Amino acid sequence: MKTINETDTLKETIQLLKIKQANEFVHLKNQYYHTYESLKPLNIIKNAFGQMATSSDFKGNILSNVIGISTGYLTKKVLLGSTHNPIKKILGTLLQFVITNVVTKHSDTSKS
């Protein structure tokens with residue numbers, strides 16, 4: 001029988017630890033690269049907009065706002081047309097603002 005030499009065992013253990021260290025270093029470099037890429041400002045903005053775009057609440061809010069703004073604008077154009085009177089312009093803008101707010105706040109109930 002061959003006797004186990006402690007020096008050979010120690011050399012094997014050292015070799016295994018060096019291989020393990022090399023593998024962990026490669027994994028660490030990959031993790032660093034992914035972290036570096038995810039922290040770039042452009043990627044942060046892309047991720048934020050991507051998450052907002054997939055949110056159903058966000059889509060509903062956009063739809064409500066578009067409906068409200070377009071309704072207010074159309075109401076102003078229908079009632080006042082294109083006037084040159086500054087008082088009518090101010091009143092038309094106030095009317096547009098009020099109608100936009102009312103329609104935006106109550107569009108959830110009308111969608112249901």
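This one's a predicted model, so the numbers in the text were calculated from it and none came from an experiment.
Interatomic distance, Asp8 CG to Thr13 OG1, rounded to the nearest 0.5 Å: 10.5 Å. The distance from the NZ atom of Lys11 to the CG atom of Asn5 is 8.5 Å, given to the nearest 0.5 Å. With rounding to the nearest 0.5 Å, the separation of OG1 in Thr93 from OH in Tyr73 is 11.0 Å. The OG1 atom of Thr100 sits 10.0 Å away from the CG atom of Leu74 when rounded to the nearest 0.5 Å.
With sequence neighbours excluded, the residues that form a side chain to side chain contact (heavy atoms under 4.5 Å, CB included) with Thr75 are Thr71, Leu79, Leu95, Ile99. In this structure Phe97 satisfies the side chain to side chain contact (heavy atoms under 4.5 Å, CB included) test together with Asn101, sequence neighbours excluded. The side chain to side chain contact (heavy atoms under 4.5 Å, CB included) test applied to Lys88 returns Thr83, Asn85, not counting sequence neighbours.
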Below 3.5 Å, can you tabulate the donor-acceptor pairs from side chains in residues 36-46 to any protein atom, sequence neighbours excluded?
residue: Glu37; atom: OE2; partner: Lys40; partner atom: NZ; Å: 3.2
residue: Ser38; atom: OG; partner: His34; partner atom: O; Å: 3.3
residue: Ser38; atom: OG; partner: Thr35; partner atom: O; Å: 2.9
residue: Asn43; atom: ND2; partner: Glu37; partner atom: O; Å: 2.5

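Through side-chain heavy atoms spaced under 4.5 Å, either directly or across other Ile, Leu, Val, Met, Phe, Trp or Tyr residues, Ile90 is tied to Leu94.
Under the salt bridge (Lys or Arg N to Asp or Glu O under 4.0 Å) criterion, no residue pair touches residues 13-32, with sequence neighbours excluded.
Taking all atoms of both residues into account, the shortest heavy-atom contact from His84 to Lys89 is CA-CE, 4.1 Å.
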